[in-house]
Colleague: 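Following this message is one structure expressed as structure tokens.
In what follows, chains are A, B, ... by sequence order, proteins preceding strands, each numbered from 1.
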2 protein chains.
Amino acid sequence: MPGGTRATRRREVRVDGEDTIPMRRPDPDSPEGRGGAGIVVPAGPPSTGRAGLDRRRILGAAIEYIDRHGLAALTMRRLGAHLGVEAMALYRYVPGREQLLDGVVETVVDELYGDPEVHLRAAHGWQDYAQRLAHGVRRIALAHPEVFPLVATRPPAAPWVRPPLRSLRWIESFLTVMTDSGFSPEAAVAAYRAYSSFLLGHLLLEVSQKGVQITPEDAPEGVPDTGTDLGQYPLVVELEELLSRDESAAEFEEALENLLDRLESVRAEGRVPGERSE
Amino acid sequence: MPGGTRATRRREVRVDGEDTIPMRRPDPDSPEGRGGAGIVVPAGPPSTGRAGLDRRRILGAAIEYIDRHGLAALTMRRLGAHLGVEAMALYRYVPGREQLLDGVVETVVDELYGDPEVHLRAAHGWQDYAQRLAHGVRRIALAHPEVFPLVATRPPAAPWVRPPLRSLRWIESFLTVMTDSGFSPEAAVAAYRAYSSFLLGHLLLEVSQKGVQITPEDAPEGVPDTGTDLGQYPLVVELEELLSRDESAAEFEEALENLLDRLESVRAEGRVPGERSE
DNA sequence: ACCTGAACACCGTTCAAGT
DNA sequence: ACCTGAACACCGTTCAAGT
């Protein structure tokens with residue numbers, strides 16, 4: 001099934017299309033004990049190995065914890081317990097909870113760097129690059145639906161750097177490819193903005209449509225929440241089937257292509273994006 | 001200056017363009033004491049009137065508090081103090097903090113209903129309607145930059161209803177206008193999705209670019225955070241001036257118009273949005 | 001060098017009690 | 001009917017103390 005037809009001794013490269021939503025584990029380095037303990041273990045015995053605490057391990061555990069139990073469930077004390085340690089021990093590696101979350105965001109975004117689908121820079125032109133980058137970000141969002149909203153929310157490293165391509169590294173990379181491809185500086189920056197707001201909006205919607213359903217805690221409620229009185233909204237009711245249909249992947253593809261087409265016409269005509277095309 | 005040239009005995013209708021970012025107060029009903037007490041008053045004397053606690057007043061105070069001090073600063077206890085009451089008194093009107101926040105989101109979104117610029121439905125066609133609605137949402141986002149991320153994050157009333165047009169009311173309205181204007185049900189739903197993800201992405205970026213700068217608490221720090229080593233990112237540095245330039249309003253306009261053009265071509269050709277145009 | 005115990009100030013939330 | 005006081009379990013974070 002995982003049929004690696006290519007010569008892949010390394011890292012399990014995915015070769016299939018973009019629709020599979022792989023949900024791959026963040027890192028192959030989290031020890032991950034036998035773990036048959038059940039699904040809600042707020043204060044059970046430590047499921048992760050003993051000593052050897054360090055920043056990387058803490059961040060990895062935090063991501064895993066959020067993926068599993070939701071952001072609200074992550075407390076310093078519980079994370080400590082999860083790592084087999086008292087909460088206070090974490091402060092040796094992380095200044096506080098806020099910075100922990102910053103680290104979580106940074107780590108998740110940096111997963112892009114290990115993604116071979118993305119990293120062959122502008123081999124086939126800027127559109128190809130932008131496509132691969134966008135799909136890489138989407139893979140991350142879908143792999144960590146509980147973390148992704150943080151990406152949108154946390155203030156970034158530099159004030160003018162905005163989500164979701166938060167890391168300066170990626171922005172540098174994006175801008176480089178664009179300017180090398182004939183975008184003026186103004187056009188490249190405008191393209192960056194349009195691109196990131198597209199990614200942010202689409203992926204936030206998509207992510208909130210999936211996994212996050214109901215609040216992470218009180219899911220087992222029974223009735224699927226008919227608190228609001230439908231019936232004042234006949235059209236919504238009539239179109240419910242369509243409204244709940246999940247076409248995210250196709251919509252992503254189409255909107256992305258449209259955006260890239262628009263950017264291309266800006267580039268080709270040497271305009272600054274604000275201007276009219278004719 | 002506020003020159004109401006029209007016959008405006010009611011409600012202070014704004015007549016000017018969309019760029020002014022009015023920051024108007026949420027409601028004219030919050031008593032708002034003399035209020036010269038300074039800007040950070042975490043536990044001062046109650047700034048709002050005495051008895052007469054009710055749900056509306058609580059929600060209004062919560063919004064005001066978030067606008068002023070940031071979301072993280074809002075606790076039940078502080079909100080109680082702000083209202084001149086013990087925290088426990090709030091529980092008579094609101095089931096808990098989470099539901100308080102839901103109420104905040106709902107209230108803020110419902111401000112659209114009091115916006116006369118938006119409410120003259122499809123008088124001039126669906127594009128005009130979609131434009132006014134979008135600008136209405138943008139006004140709200142800019143008026144409550146600290147609240148808006150909640151709009152994006154909170155789970156909505158119905159599972160298939162997604163931010164930022166969270167209220168079923170608005171979705172019903174949008175879908176009605178679209179189908180009345182010749183969109184097929186499929187096209188109307190796809191249009192709704194594209195429209196909301198556009199609004200979400202753009203406004204979240206714009207809002208995070210403004211007011212929210214730094215964390216709400218530790219703003220007075222001195223050095224503007226040069227924690228990260230620039231210089232590995234020459235292009236980012238070179239384009240910093242462009243990157244920090246705020247063209248949000250123009251970008252919003254252009255991207256919105258582009259989206260509407262795209263939707264119009266879908267409508268005119270009677271396609272389902274997924275299909276190719278020729 | 002690395003972790004813990006005890007402590008502090010502050011949470012959300014409950015419930016019996018006051019008026 | 002509406003609010004309060006006291007209490008509970010749980011936070012983030014500090015710091016001196018243990019090993």
Colleague: Rounded to the Å, how far apart are B:Arg57 CZ and D:dC3 P?
Modeller: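 These atoms are roughly 9 Å apart.
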Colleague: Please give, in whole Å, the distance from C:dC2 P to A:Leu83 CG?
Modeller: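 Atom-to-atom, A:Leu83 to C:dC2, this comes out as 16 Å.
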Colleague: Please determine if A:Glu86 and A:Arg77 form a salt bridge, counting it only when a charged side-chain N lies under 4.0 Å from a carboxylate O.
Modeller: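 No salt bridge links A:Glu86 with A:Arg77.
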Colleague: From CZ of B:Arg92 over to P of C:dC15, roughly how many Å is that when rounded to an integer?
Modeller: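 Result: 13 Å.
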Colleague: Looking at B:Glu111 and B:Arg139, does any basic side-chain N land under 4.0 Å from a carboxylate oxygen?
Modeller: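 No.
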Colleague: Determine, using ring centers only, whether A:His135 and A:Phe252 are less than 6.0 Å apart.
Modeller: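 Yes; A:His135 has its ring centre under 6.0 Å from that of A:Phe252.
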Colleague: When we call it a touch if two heavy atoms are under 4.0 Å apart, what does A:Arg97 touch: a base, just sugar-phosphate, or nothing?
Modeller: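 The residue A:Arg97 makes sugar-phosphate contact but no base contact.
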Colleague: Would you say a side-chain N or O of B:Arg78 is under 4.0 Å from OP1 or OP2 of C:dC10?
Modeller: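 No, because none of the side-chain N or O atoms of B:Arg78 sits under 4.0 Å from OP1 or OP2 of C:dC10.
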Colleague: Take the protein atom CG of B:Leu79 and the nucleotide atom P of D:dC3, then report the distance between them rounded to whole Å.
Modeller: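 Answer to the nearest Å: 13 Å.
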Colleague: So is A:Arg78 actually on top of A:Tyr65's ring, under 6.0 Å and inside 45° of the axis?
Modeller: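 Not flagged: A:Arg78 not positioned over aromatic ring of A:Tyr65.
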Colleague: What is the distance, to the nearest angstrom, from the CG atom on A:Leu100 to the P atom on D:dC11?
Modeller: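 Rounded to whole Å, this separation is 14 Å.
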Colleague: Taking the side chain of B:Val85 as heavy atoms from C-beta outward, which of C:dC2, C:dT4, D:dC3 is closest to it?
Modeller: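 Out of C:dC2, C:dT4, D:dC3, the nucleotide with an atom closest to B:Val85's side chain is D:dC3.
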Colleague: Under the criterion side-chain contact (heavy atoms from CB on, under 4.5 Å), which of A:Leu203, A:Leu200, A:Leu204 is the partner of B:Leu200?
Modeller: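 Result: among A:Leu203, A:Leu200, A:Leu204, A:Leu204 is the only option passing the side-chain contact (heavy atoms from CB on, under 4.5 Å) with B:Leu200.
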Colleague: Just N and O in the side chain of A:Tyr93: are any of them under 4.0 Å from OP1 or OP2 of C:dA1?
Modeller: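 Indeed not, no polar side-chain atom of A:Tyr93 lies that close.
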Colleague: Name the closest nucleotide to the A:Tyr91 side chain, picking from C:dT14, D:dC3, D:dG12.
Modeller: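 My answer, after comparing the listed nucleotides, is D:dG12.
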Colleague: Return the 5'-most residue of the pair A:Thr75, B:Ala89 with respect to DNA chain D, ranking by each residue's nearest nucleotide.
Modeller: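 Here B:Ala89 is the residue nearer the 5' end.
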Colleague: Let me spell it out: for each of A:Ala87 and A:Arg77, pick the nucleotide of DNA chain C with the closest heavy atom. Which residue's pick is nearer the 5' end?
Modeller: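 So the residue in question is A:Ala87.
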Colleague: Atom CG of A:Leu74 and atom P of D:dC11: how far apart are they, to the nearest Å?
Modeller: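 Atom-to-atom, A:Leu74 to D:dC11, this comes out as 10 Å.
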Colleague: Would you kindly give the CE-to-P distance between B:Met76 and D:dT4, to the nearest whole Å?
Modeller: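 So the two atoms are 14 Å apart, to the nearest Å.
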Colleague: So what's D:dC8 paired with, Watson-Crick or G-U wobble, going by both distances under 3.5 Å?
Modeller: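 Paired with D:dC8, as far as the under-3.5 Å criterion goes, is C:dG12.
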Colleague: With both distances under 3.5 Å as the test, what is the Watson-Crick or G-U wobble partner of D:dC2?
Modeller: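 With both distances under 3.5 Å, D:dC2 matches C:dG18.
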Colleague: What nucleotide among C:dT4, C:dG12, D:dG5 has an atom nearest to a side-chain atom of B:Glu86?
Modeller: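 Between C:dT4, C:dG12, D:dG5, the one nearest the side chain of B:Glu86 would be D:dG5.
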Colleague: Rounded to whole Å, how long is the line connecting atom CG of A:Leu90 with atom P of D:dC11?
Modeller: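 In whole Å, D:dC11 P lies 13 Å from A:Leu90 CG.
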